[in-house]
Amino acid sequence: QKEVEQNSGPLSVPEGAIASLNCTYSDRGSQSFFWYRQYSGKSPELIMSIYSNGDKEDGRFTAQLNKASQYVSLLIRDSQPSDSATYLCAVNIRSGTYKYIFGTGTRLKVLA
Amino acid sequence: DVKVTQSSRYLVKRTGEKVFLECVQDMDHENMFWYRQDPGLGLRLIYFSYDVKMKEKGDIPEGYSVSREKKERFSLILESASTNQTSMYLCASSPNRGAYEKLFFGSGTQLSVL
């Protein structure tokens, strides 16, 4: 089992809709979770971090964490064509020291 | 803003060459990381360092080594480049050793080994 799993997509949503991206992880001791956005040919940029169970909102983005079920999700409201990118889920795990493990990413396409 | 700078955006090397990829961060971050990114495989951790002259192996260290002589600089070395090391290489840094630190990425180096 991979440590961090994401559906590779593509996930296609119409402009203005809600995009829902999901991620599961295997290490129950994980404490911090991150969503990065990566445009084609560019490096990842952080858009959300979440550390506690529940929801965390930032503008059009909401991160949701459920540690009991070991999943973290990202909701993008009012999706725009500019949101079309690959979204990477990252988990900070303790393996001696802390290191970040990434999922393979979900490609999102927002259709105008 | 945190700036993580990778010395080359594109690099073409020949099989067997020794290759140096340089990364510099300007925010006094403790931790630095090297990842490679391949289609379908995502970002995989090669090496990381949480202090000057300290290094730890990541998930795929074979064929690579690293050097961190100064806090701001973390170099990735391909001792004898091979075609299967053709990839996008991403350097990243984070402020401290802890569970809640965020990663900041450089712009990446696309390495082609011919």
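In the text below, chain A, chain B and the rest are named by the order of the sequence lines, each starting its count at 1.
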Q | Ring-ring centroid check B:Phe48 A:Tyr100, cutoff 6.0 Å | A |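 No, the ring of B:Phe48 stays outside the 6.0 Å limit from the ring of A:Tyr100, centre to centre.
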Answer yes if [X] and [Y] sit in the same cluster of Ile, Leu, Val, Met, Phe, Trp and Tyr residues linked by side chain heavy atoms under 4.5 Å apart, and no otherwise.
{"X": "A:Phe102", "Y": "B:Trp34", "value": "no"}
{"X": "B:Tyr64", "Y": "B:Leu45", "value": "no"}
{"X": "A:Leu75", "Y": "A:Tyr25", "value": "no"}

Q: Find the distance between NZ (A:Lys99) and CG (B:Asn31) and round it off to the nearest 0.5 Å.
A: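 Interatomic distance, A:Lys99 NZ to B:Asn31 CG, rounded to 0.5 Å: 13.5 Å.
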Q.
Give me the atom names and distance for the closest heavy-atom approach of A:Thr104 to B:Gly40.
A.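 So the two residues come closest at CG2-O, 3.7 Å.
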Q: Of all the heavy-atom pairs spanning A:Tyr51 and B:Lys102, show the shortest one and how long it is.
A: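 For A:Tyr51 and B:Lys102, the tightest heavy-atom pair comes out as OH-NZ, 3.4 Å.
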Q. Measuring heavy-atom distances to chain A, does B:Leu43 have an atom under 4.5 Å in its side chain, in its backbone, in both, or in neither?
A.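 Backbone plus side chain of B:Leu43, per the 4.5 Å heavy-atom cut-off to chain A.
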How about [atom1] on [X], more than 12 heavy atoms from neighbouring residues, nucleotides or ligands closer than 6.0 Å, or not?
{"X": "B:Arg44", "atom1": "CZ", "answer": "yes"}
{"X": "A:Lys56", "atom1": "NZ", "answer": "yes"}
{"X": "B:Arg14", "atom1": "CZ", "answer": "no"}

Select one option (side chain, backbone, both, neither) describing which atoms of [X] are under 4.5 Å from chain B's heavy atoms.
{"X": "A:Phe34", "value": "side chain"}
{"X": "A:Gln38", "value": "side chain"}
{"X": "A:Ser49", "value": "side chain"}
{"X": "A:Leu88", "value": "side chain"}

Q) Has the side chain of A:Tyr36 got a donor or acceptor atom that lies under 3.5 Å from a matching backbone atom of B:Leu103? A)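 Yes, the answer is positive, given that a donor and an acceptor are paired below the 3.5 Å cut-off.
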Residues 105-114 of chain B side chain polar contacts: donor-acceptor under 3.5 Å, at least two apart:
| unit_1 | atom_1 | unit_2 | atom_2 | d |
| --- | --- | --- | --- | --- |
| B:Thr109 | OG1 | B:Gln6 | NE2 | 3.3 |
| B:Thr109 | OG1 | B:Ser8 | O | 2.5 |
| B:Gln110 | NE2 | B:Ser87 | O | 3.3 |

